[in-house]
2 protein chains.
Amino acid sequence: MGVTKKEKFNQEQNEIATVAKVFAHPARIAIIQQLFKLNACVCGDLVNEIGLAQPTISQHLKELKNLGIIKGEVEGTSVCYCINDEVWNKTKKLLVNFLNQNIHSEKNCC
Amino acid sequence: MGVTKKEKFNQEQNEIATVAKVFAHPARIAIIQQLFKLNACVCGDLVNEIGLAQPTISQHLKELKNLGIIKGEVEGTSVCYCINDEVWNKTKKLLVNFLNQNIHSEKNCC
DNA sequence: TACATTAATCGTAATATTGCAATAAAGCAA
DNA sequence: TTGCTTTATTGCAATATTACGATTAATGTA
């Protein structure tokens with residue numbers, strides 16, 4: 001059906017999955033890395049750097065904006081994007097906490 | 001087109017996106033959490049715990065197996081799954097390294 | 001052997017994602 | 001104003017994902 005049954009899962013599980021989905025495309029990873037490298041970057045420069053069509057980059061930027069980890073500011077005809085530190089740190093905490101899980105039991109089978 | 005243009009990105013960017021894609025479903029997050037909690041878990045118990053149909057859980061387990069972060073051992077008619085620590089730690093490092101990025105520049109716009 | 005139990009696979013329907021051409025919108029420059 | 005530049009949006013085609021019923025395969029049990 002292509003539709004995820006979110007109601008079967010708790011809020012944390014859904015939040016982790018939602019964040020991971022935004023990270024689940026190399027173009028969005030590349031955009032994030034570029035914004036960290038330059039701190040700020042105009043949309044058109046991202047299009048040149050990454051090599052996908054302008055509407056495609058715009059769509060990826062929109063998903064990153066929806067999650068809140070980037071923000072954009074209009075500068076004339078351009079839009080300058082950068083990382084939203086507050087949201088980035090919250091997101092980082094959520095994922096690092098998940099990744100730092102340890103085995104709770106001694107039982108094992110494989 | 002629904003198909004990702006992986007050739008436009010470097011290996012690290014594609015690896016991060018691939019891992020994130022596996023984490024991009026709450027059922028797979030729930031399976032991982034359950035395996036950490038119990039250390040080992042039979043497929044049928046995961047089906048009962050999570051409440052999706054058996055073929056659906058089996059499909060999610062397959063994706064986790066493909067990435068390598070879980071492994072399964074046949075025990076009679078059951079299959080017992082657990083976390084593959086080595087792969088989990090590699091995956092953790094890849095993502096934590098990405099999440100720990102810092103701003104490289106002083107320039108800013110927003 | 002026959003039957004039950006468990007998990008994987010197959011096939012399919014519904015929905016989501018990716019990518020881009022075409023277009024719209026918004027600002028600047030002459 | 002007109003034309004240019006830049007980015008967002010629309011619409012669509014191709015592909016991927018999610019979910020599950022039906023079936024198969026493999027093992028254990030009577």
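Quick note on labels: first sequence line is chain A, next is B, and so on, each numbered from 1.
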Listed pairs under 3.5 Å, donor-acceptor, residues 45-54 of chain B side chains, sequence neighbours left out:
residue	atom	partner	partner atom	Å
B:N48	ND2	B:G44	O	3.3

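- Nearest-nucleotide mapping onto DNA chain C: of B:T4 and A:T4, the residue sitting toward the 5' end is A:T4.
- Checked against side-chain contact (heavy atoms from CB on, under 4.5 Å), A:T4 has the following partners two or more places apart in sequence or in another chain: A:K6, B:H25, B:P26.
- B:K6 has its NZ atom 16 Å from the P atom of D:dT15, to the nearest Å.
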Please tabulate, one pair per line, all N/O donor-acceptor pairs under 3.5 Å involving side-chain atoms of residues 91-101 of chain A, not counting sequence neighbours.
residue	atom	partner	partner atom	Å
A:T91	OG1	A:V87	O	2.8
A:N100	ND2	A:V96	O	3.4
A:Q101	NE2	A:F98	O	2.9

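- Here B:E75 pairs with nothing under the salt bridge (Lys or Arg N to Asp or Glu O under 4.0 Å) rule; sequence neighbours left out.
- The CG-P distance, from B:N66 to D:dT17, rounds to 11 Å in whole Å.
- With sequence neighbours excluded, the residues that form a side chain to side chain donor-acceptor pair (under 3.5 Å) with B:Q11 are B:E15.
- The line from NZ of A:K71 to SG of B:C109 is 9.0 Å long, rounded to the nearest 0.5 Å.
- Rounded to a whole Å, the CD1 atom of A:I70 is 9 Å from the P atom of D:dA8.
- Residues A:A27 and A:G76 each lie close to DNA chain C; by heavy-atom proximity, the contact nearer the 5' end of the strand is made by A:A27.
- Contact annotation for B:K21: backbone-only contact, meaning every heavy-atom pair under 4.0 Å involves sugar-phosphate atoms and none involves a base.
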Given protein heavy atoms under 4.0 Å, the one-letter contact record of nucleotides 4-11 of chain C, with B base, S sugar-phosphate only and - none, is simply -BSBBB--

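- Between B:H25 atom NE2 and D:dA19 atom C1' there is a gap of 9 Å when expressed in whole angstrom units.
- C:dA26 atom P lies 18 Å from atom CD of A:E73, rounded to whole Å.
- Contact annotation for B:E75: no contact, since no heavy-atom pair falls under 4.0 Å across all strands.
- Using a 4.0 Å heavy-atom criterion, one finds that A:T56 contacts the bases of the nucleic acid, with or without backbone contacts as well.
- The interatomic distance linking A:H60 (NE2) with D:dT9 (P) rounds to 15 Å, in whole Å.
- Atom NZ of A:K5 and atom P of C:dA14 are 14 Å apart (whole Å).
- We find that CD1 of B:I50 is positioned 12 Å from P of D:dC20, with the value rounded to whole Å.
- Side chain of B:R28 to main chain of B:E63: no donor-acceptor pair is present (N/O by atom type, distance under 3.5 Å, no hydrogens or angles).
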